[in-house]
Student: 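The structure under discussion is supplied below as structure tokens; questions concerning it will follow.
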Number of protein chains: 2
Amino acid sequence: MLKSSDGDWRAARRANARAAVLDAAWGLVRENGLAALSLRELAKRAGITTPTVYAYFESKNAILDAMFAQAAQSFVEFMSSLPASDDPVADMAAAVRRFSDFCVSDVPRYQLLFQHSVPGFTPSPESYGIALSALALARDLLARNGVHDPRHLDIWTAITTGLVGQQISNDPGGDRWTGLIEDVTRMFLAQYGDATQHKGES
Amino acid sequence: MLKSSDGDWRAARRANARAAVLDAAWGLVRENGLAALSLRELAKRAGITTPTVYAYFESKNAILDAMFAQAAQSFVEFMSSLPASDDPVADMAAAVRRFSDFCVSDVPRYQLLFQHSVPGFTPSPESYGIALSALALARDLLARNGVHDPRHLDIWTAITTGLVGQQISNDPGGDRWTGLIEDVTRMFLAQYGDATQHKGES
DNA sequence: GTCTATAAGTTGATAGAC
DNA sequence: GTCTATCAACTTATAGAC
């Protein structure tokens with residue numbers, strides 16, 4: 001018994017220490033960009049030395065993978081509770097706004113999660129699986145609003161990632177493209193939403 | 001006279017040597033990615049040594065800037081002659097297809113030109129000016145098809161870059177998103193094109 | 001677990017001979 | 001202009017003392 005609770009303690013302490021390293025890593029990439037993640041700077045931030053980092057992560061890629069998993073988990077939680085009213089445009093626009101808020105509020109996280117922009121890094125299947133489950137949320141949302149064709153889901157992801165990408169690349173901190181979310185949602189649903197078939201009935 | 005033509009000769013030879021270095025640089029980034037551009041590998045490819053590279057470019061950033069200018073120039077030329085029929089959907093879809101062809105045919109060029117994804121690099125104002133003149137082409141094309149609101153131009157750039165970005169990130173070499181160009185163009189023009197006002201007249 | 005010290009490899013850029 | 005040789009700084013990762 002004592003031995004087992006000792007093990008729990010140690011596991012918890014180890015998890016805390018790992019989390020502290022990851023927190024330092026996030027702070028570093030938020031300030032200096034994803035490419036500036038070096039183990040030296042990371043260790044300095046975490047108040048330890050470089051070899052100690054290797055006591056908790058077996059490599060730099062393992063750190064990136066843990067960050068990817070954290071980002072994916074945050075994304076799923078952030079997108080999981082969305083309003084469901086009787087107004088499709090409002091619901092879908094709210095989802096896009098939620099998505100864009102997530103992306104623009106932490107650009108390095110966005111780049112790690114969606115742009116695969118770290119040269120030698122590929123997320124592990126487990127981490128990637130978490131990210132994939134978020135696409136299912138988008139599919140459900142569209143289905144609830146009468147969009148069933150997978151091609152239309154592809155169009156929807158292109159539009160939303162396009163808005164976010166332009167916003168981040170060409171107007172960081174502004175709302176030049178995020179301010180177009182409602183218009184774009186209306187355009188999309190006018191072409192592919194439920195109302196398309198119902199127009200003749202009104 | 002002799003002195004002046006001597007100068008021309010030397011200038012031409014120098015320009016050729018610079019071009020050869022840039023060609024080697026493009027080959028390198030196309031094979032190994034933008035991040036893998038190192039002066040050692042570059043010199044090896046060009047058949048010279050590292051210090052000789054500095055006889056033609058004052059720094060690595062100068063090389064990247066020359067590459068950016070080349071990319072922007074290619075882009076303007078690639079996009080400058082576009083069909084102008086009486087079918088707005090066909091014309092605009094052709095322009096997007098041209099754009100996506102340009103992007104997917106040379107992904108590192110696309111990343112350098114549009115994603116600003118090289119850590120310490122910012123293009124010089126001259127090089128950036130070339131790139132900006134290409135956006136004017138898109139604006140003219142939309143104006144010719146009855147789209148005048150600058151907000152709608154922003155929507156258009158978001159859609160087109162979104163399609164290309166998804167294509168490159170999630171289906172490289174395929175046509176899952178580029179195959180949607182015609183549909184998306186129809187959707188956009190149905191909402192914002194000339195035909196919108198003319199529908200009641202037909 | 002945490003450290004000092006260091007390995008073994010990059011990188012961009014330069015000095016100086018020819 | 002082109003080379004050899006090298007600098008100074010950085011990277012990830014490890015050996016071994018405590």
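The sequence lines fix the lettering, A, B, ..., with proteins before strands; numbering per chain opens at 1.
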Student: Tell me what A:Thr49 touches on the nucleic acid: a base, only sugar-phosphate, or nothing, going by heavy atoms under 4.0 Å.
Tutor: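 Counting heavy atoms under 4.0 Å across all strands, the contact made by A:Thr49 includes a base.
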Student: Between A:Phe68 and A:Phe75, is the ring centroid distance below 6.0 Å?
Tutor: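 Ring-ring flag for A:Phe68/A:Phe75: false, centres at least 6.0 Å apart.
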Student: Does any non-hydrogen side-chain atom of A:Leu142 lie less than 4.5 Å from one of A:Tyr192?
Tutor: no
Student: Would you check if there is a donor-acceptor pair between the side chains of A:Ser169 and B:Gln115 at a distance under 3.5 Å?
Tutor: no
Student: Just by distance, with hydrogens left out, do A:Gln167 and A:Ser100 show a side-chain donor and acceptor under 3.5 Å apart?
Tutor: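 The criterion, which ignores hydrogens and geometry beyond distance, is not satisfied for A:Ser100 and A:Gln167.
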Student: Can you check whether any acceptor in the base of C:dT10 is under 3.5 Å from a donor in the side chain of B:Arg40, or vice versa?
Tutor: no
Student: Contacts to DNA chain D from residues 52-63 of chain A, heavy-atom cutoff under 4.0 Å, which residues?
Tutor: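 Output list: A:Tyr54, A:Ser59, A:Lys60.
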Student: Would you say B:Arg14 reaches D:dG1's phosphate, i.e. side-chain N/O to OP1/OP2 under 4.0 Å?
Tutor: yes
Student: Rounded to the Å, how far apart are B:Leu34 CG and C:dT11 C1'?
Tutor: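 Distance check: B:Leu34 CG to C:dT11 C1' gives 17 Å.
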Student: Separation of B:Asn32 atom CG from C:dT11 atom C1', in whole Å?
Tutor: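 Taking CG of B:Asn32 and C1' of C:dT11, I get 16 Å after rounding.
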Student: Which one, C:dC3, D:dG1, C:dA13, comes nearest to the side chain of B:Leu39?
Tutor: C:dA13
Student: Of the options A:Asn32, A:Val118, A:Val29, A:Leu112, which is the one that meets A:Leu37 in a side chain to side chain contact (heavy atoms under 4.5 Å, CB included)?
Tutor: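 Running side chain to side chain contact (heavy atoms under 4.5 Å, CB included) over A:Asn32, A:Val118, A:Val29, A:Leu112 with A:Leu37 returns exactly one hit, A:Val29.
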Student: What's the CZ-P distance between A:Arg18 and C:dT2, to the nearest Å?
Tutor: 14 Å
Student: Touch check for A:Leu37, heavy atoms < 4.0 angstrom, all strands: base, sugar-phosphate only, or nothing?
Tutor: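 Sugar-phosphate, no base atom in range.
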Student: Given the rule in the side-chain contact (heavy atoms from CB on, under 4.5 Å) test, do A:Met67 and A:Ile63 qualify, once you have shown the distances and angles that lead to the verdict?
Tutor: CA-CA 6 Å; A:Met67 293 173 77; A:Ile63 297 176; 4.0 Å; yes
